[in-house]
Amino acid sequence: MELLGKSKEELRAFCAALGEPAYRGGQIYHALYAEREFEFARMTNLPAALRARLAKEARVTLPEVKRRFASVDRSVRYLLALPPGEEKGAAKATSVESVFMPSEGRQTICISTQAGCAVDCHFCLTAQLGLIRNLSAGEILAQVLLPLEEQKTQLAPQTNVVLMGQGEPLLNFEPVMAAVRIMLDPEGLGISPKHVTLSTSGIVPGIERLAQERVRPKLAISLNASNDEQRDALMPINKKYPLNVLLEACKSYPLRPWEHLTFEYVVLGGVNDLPEDARRMVRLLAPLKSVKVNLIPWNPGELPYQEPSAERIEEFRRILNDKGIPAFVRYSRGRDVMAACGQLALLQIGHQPSTSSVF
Ligand code: SF4
């Protein structure tokens with residue numbers, strides 16, 4: 001029995017099935033997620049006999065780190081080996097990537113929810129892999145636990161998690177939410193819901209389902225275009241869930257008092273960076289309450305897009321701000337190790353970073 005990714009209730013049921021008191025499941029939960037203790041022999045909150053039994057009857061599997069790439073900006077990109085999946089068509093071993101980004105007072109961990117992705121956004125390298133397989137709750141959680149444990153001597157007080165790596169989180173809903181519930185549980189990883197953000201390409205049924213969840217992360221929509229024609233060309237998923245349908249789901253989304261809806265906009269030079277694009281964005285977002293926009297300048301790489309000029313980005317930001325829409329420019333971290341937005345998967349399609357240290 002694999003224990004990583006199991007909820008407290010599942011661990012209690014597991015202990016009860018072993019003939020142990022159910023509360024031992026709660027102790028395993030605490031050891032795994034609050035203490036980040038992954039070896040049974042070191043779970044000193046359990047009796048020695050149970051530790052020995054768990055070693056025979058259960059396991060805790062962290063993915064093997066195939067490589068680490070350290071950026072000059074102190075980000076670390078992890079390439080993690082994963083075993084073959086159990087789903088149909090997922091019979092091959094694969095790998096997935098996550099990125100640890102330390103900054104003043106906090107660390108942000110960008111994690112993947114699927115190996116590859118089926119959504120086919122044209123500006124994203126992960127799309128070139130296609131969907132390899134869904135990740136389990138344990139594999140999603142491990143991408144947070146592993147860097148936190150590795151970097152434990154230099155952790156800042158606050159941890160942010162962004163589900164913005166490989167994959168569309170809302171197309172792997174159950175395992176993603178099982179992992180998020182453990183992240184947000186004060187007795188689990190204890191991360192504040194204000195600090196966990198799920199980013200979607202706009203899977204409307206998934207947004208509606210997320211709205212029903214009692215415990216949920218913040219929501220970000222990867223928008224990247226201001227009309228259907230432009231979005232159809234960049235993100236074919238828009239043909240299935242066009243802007244009016246997507247924005248209607250956003251309008252009905254129940255925000256908590258402290259919450260805003262984030263719209264991400266990858267700024268592609270000469271494609272979606274004109275002042276008229278910004279003005280259309282203003283009209284599009286005007287009916288929504290509590291929104292903010294993150295403008296992400298395109299990271300030059302393998303795909304045929306161009307980096308926007310600093311002047312264009314600034315003008316875009318100013319047009320949104322002047323109309324009362326808070327907009328921020330987010331430069332990607334880890335560019336030198338290809339950990340920047342849209343670059344995850346470069347390693348898996350055979351490119352190597354040039355300036356990083358590999359360890
Ligand atoms: S941007 Fe996200 S949803 Fe779109 S192809 Fe890339 S990983 Fe998938």
Side-chain angles (χ1 to χ4, degrees), residues 77-80 82 90 94-99 109-135 139-140 143 161-173 175-176 179-180 196-207 209-210 217-225 228 230-243 245-246 249-250 262-268 271-272 293-305 330 332-334 338-349 351:
R77 175 182 195 168
Y78 291 88
L79 181 64
L80 305 168
L82 297 178
T94 183
S95 54
V96 82
E97 298 168 52
S98 57
V99 190
I109 307 173
C110 176
I111 61 172
S112 299
T113 52
Q114 297 178 308
C117 183
V119 175
D120 198 25
C121 303
H122 291 174
F123 53 84
C124 172
L125 277 164
T126 303
Q128 298 196 355
L129 298 171
L131 177 64
I132 300 167
R133 74 166 169 89
N134 285 323
L135 302 194
E139 289 167 339
I140 296 166
Q143 295 173 64
V161 175
V162 292
L163 288 77
M164 297 184 186
Q166 290 182 18
E168 166 49 68
L170 295 181
L171 292 180
N172 187 21
F173 196 92
V176 164
V180 165
V196 178
T197 304
L198 180 154
S199 172
T200 178
S201 58
I203 307 295
V204 169
I207 296 171
R209 198 170 164 198
L210 189 65
K218 291 196 299 180
L219 178 63
I221 311 285
S222 181
L223 194 65
N224 311 314
D228 279 320
Q230 204 178 45
R231 200 164 190 265
D232 283 353
L234 291 172
M235 304 175 75
I237 192 76
N238 192 66
K239 292 181 188 147
K240 192 160 183 191
Y241 307 114
L243 280 171
V245 176
L246 175 59
C250 292
T262 301
F263 288 88
E264 289 149 6
Y265 193 96
V266 176
V267 190
L268 304 163
V271 175
N272 63 0
V293 173
N294 284 338
L295 300 171
I296 305 162
W298 166 251
N299 294 297
E302 301 299 307
L303 297 173
Y305 294 105
R330 305 285 192 209
S332 292
R333 302 275 307 267
M338 300 183 311
C341 290
Q343 293 185 332
L344 291 186
L346 263 177
L347 289 171
Q348 287 145 283
I349 50 185
H351 298 268

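In each ligand, atom 1 is the first atom listed, and ligand 1 is the first ligand listed. Predicted, not measured: the structure shown is a model, and the values here were computed from it.
- Remark: Y265 engages F316 in a ring pair (Phe, Tyr, Trp, His ring centres under 6.0 Å) (not counting sequence neighbours).
- E168 and S201 share a donor-acceptor pair across their side chains, judged by distance under 3.5 Å alone.
- The side-chain heavy atoms of V162 and S199, taken from C-beta on, include no pair separated by under 4.5 Å.
- V271 meets the side-chain contact (heavy atoms from CB on, under 4.5 Å) test with L234, L268, Y305; sequence neighbours excluded.
- Less than 2.8 Å away from atom 8 (Fe) of ligand 1, the protein contributes these N/O/S atoms: C117 SG.
- Applying the ring pair (Phe, Tyr, Trp, His ring centres under 6.0 Å) test to F173 and every residue at least two apart in sequence or in another chain returns nothing.
- L170 pairs in a side-chain contact (heavy atoms from CB on, under 4.5 Å) with only one of the listed residues (V204, L198, T113, L163), which is L198.
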